[in-house]
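We name chains A, B, ... by the order of the sequence lines, and we start the count at 1 in each one. Note that these values count all heavy atoms, side chains included, but never hydrogens, waters or copies made by symmetry.
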Protein chains: 2
Amino acid sequence: MNSKQNRISIISQIIESETVRSQNDIIDRLRERGITLTQASLSRYLKEIQASRIPDGNNGYIYKIPPEAAKSTAVLSNEVVSVEFSGNNMAVLKTISGYANAVSAQIDAKMLPPIAGTISGDDTILIIIRDGFSKRQVKDYLVREFQYIKNKFLNE
Amino acid sequence: MNSKQNRISIISQIIESETVRSQNDIIDRLRERGITLTQASLSRYLKEIQASRIPDGNNGYIYKIPPEAAKSTAVLSNEVVSVEFSGNNMAVLKTISGYANAVSAQIDAKMLPPIAGTISGDDTILIIIRDGFSKRQVKDYLVREFQYIKNKFLNE
DNA sequence: TCATAAGGTGTATATTTATGCACTTTCGAC
DNA sequence: GTCGAAAGTGCATAAATATACACCTTATGA
């Protein structure tokens, strides 16, 4: 699946594992992997994942993804399709196909107080809300930790 | 007063306290404060302080200084007795007894580009200057990060 | 199904940022 | 002090990045 999301994920990977000093550098690395795209699109992708060119303190510039953006961008921002509450103790989170597990792992890793646990299938995650916590608190924590999820909420 | 250092310090302040989306923005803010400089110089300053323009996640760009490069009014107050250069690649920093380690930890934490590393004993710190950088640059960075240290330099 | 909306992309170009060069100033060793 | 080297700067321009626009594809809804 050579989709936009796929390319974005490869681009993140390149930025995090290699030293790239310009968008042309990135385009070259992509071409080595058989992926062709224009500088224009790359610029738009980089904006989405909040990657940017920063001085490296040693007389040059290097592309980086700020840590707080790396977390929420890598999986959650692009893979989560929707979040919807059911009753007062559950939330159903939909991802694009195959990503439910990766996403739920990220949520689990945060050990958020209002989340008792998660169960994930292929494209669906069930979030169990801990007794004594509200839907609102779950939403607030998720949004705080994964900023990009904000507009994925269907109800609250 | 070193004018360049002064301007750099004001620029950091602007970036941290206002929303600036381009170098021209910064130049405008500086002009409001009676400081005039060209975009060329600003670009060079920003490179020094490792400030850069990053996507703000909301369809725009904003200038930021990454946390590890950001200046903080650190607390290495009266422990430093003197700073003296030796040769072209070392500086010897004297502290009051027992504080060398704590002080060098603060210097290390800044990850200053011109400092390759430090070694500390009880009241003495040896600063190793990174190849390609000058004594002058070490002094400028130290003074920028630890202003009160300014008058502790024995030679320059 | 078709119409319309929404998203994705490349081209060309505008905008923004970096830097070579020439010149001036400051520094550091005598 | 003087001298040579390094740092600082503006101008002009190169290099790099962002985006308006046109076009195409894919979703959405009647």
Heavy atoms only: give me the nearest A:Ile54-B:Ser52 pair and the separation to one decimal.
CG2-OG, 2.8 Å
Provide, to the nearest angstrom, the distance between the CD atom belonging to B:Gln137 and the C1' atom belonging to C:dT26.
14 Å
Can you see if the side chain of B:Ser41 gets near the phosphate of D:dG10 - specifically, an N or O under 4.0 Å from OP1 or OP2?
yes
Within the structure, does a side-chain N or O atom of B:Lys4 lie under 4.0 Å from either OP1 or OP2 of C:dC27?
no
Please name the pair of heavy atoms, one in B:Leu93 and one in B:Val103, separated by the smallest distance, quoted to 0.1 Å.
CD2-CG1, 4.2 Å
Is a side-chain donor or acceptor of A:Ser17 paired with a backbone partner of A:Gln13 at a separation under 3.5 angstrom?
yes
Check the distance between C:dT16's C1' and B:Ile54's CD1 and give it to me in whole angstrom.
17 Å
Among the nucleotides D:dT19, C:dT19, C:dA18, whichever has the atom closest to the side chain of B:Gln23 is C:dA18
B:Arg7 side chain near D:dT9 phosphate (N/O to OP1/OP2, under 4.0 Å)
yes
Atom CG of B:Leu42 and atom C1' of D:dG8: how far apart are they, to the nearest Å?
14 Å
So is A:Arg21 actually on top of A:Tyr61's ring, under 6.0 Å and inside 45° of the axis?
no
Can you tell me how far apart CD1 (A:Ile8) and CD1 (A:Ile49) are? Round to the nearest 0.5 Å.
6.5 Å
Examine D:dT17: is either OP1 or OP2 under 4.0 Å from a nitrogen or oxygen in the side chain of A:Tyr61? Give yes or no.
no
N/O contacts under 3.5 Å, protein versus nucleotides 20-28 of chain D?
| from | atom 1 | to | atom 2 | distance (Å) |
| --- | --- | --- | --- | --- |
| D:dA20 | N6 | A:Arg44 | NH2 | 2.7 |

Could you tell me whether A:Arg33 and A:Glu18 have a side-chain N and a carboxylate O separated by less than 4.0 Å?
yes
B:Ile11 atom CD1 is separated from D:dG8 atom C1', nearest whole Å, by 14 Å
Look at B:Tyr45 and C:dA18 and indicate whether a side-chain polar atom (N or O) is within less than 4.0 Å of OP1 or OP2.
no
Determine: side-chain N/O of A:Lys47 to OP1/OP2 of D:dT19, distance under 4.0 Å, yes or no.
yes
Apply side-chain contact (heavy atoms from CB on, under 4.5 Å) to the pair B:Ile15 and B:Ser12, showing each step before the final yes or no.
CA-CA 5 Å; B:Ile15 292 175; B:Ser12 303; 5.9 Å; no
B:Gln50 to B:Pro66 - nearest heavy-atom pair and separation:
O-CD, 3.0 Å
Counting heavy atoms from C-beta on, name the nucleotide in C:dG10, C:dT16, D:dA7 closest to the side chain of B:Arg53.
C:dT16
Write down the distance between CD1 (A:Ile27) and P (C:dT9), rounded to a whole number of angstrom.
13 Å
I need the CD1-C1' distance between A:Ile26 and D:dA15, as an integer number of Å.
16 Å
Examine C:dT9: is either OP1 or OP2 under 4.0 Å from a nitrogen or oxygen in the side chain of A:Thr38? Give yes or no.
no
Integer-rounded Å distance: D:dA18 P and B:Ile62 CD1:
15 Å
Tell me what A:Ser43 touches on the nucleic acid: a base, only sugar-phosphate, or nothing, going by heavy atoms under 4.0 Å.
base
Assess whether one donor atom and one acceptor atom, taken from the side chain of A:Gln39 and the base of D:dA16, lie less than 3.5 Å apart.
no
Taking CG from B:Leu46 and P from C:dT19, how many angstroms apart are they, rounded to a whole number?
12 Å
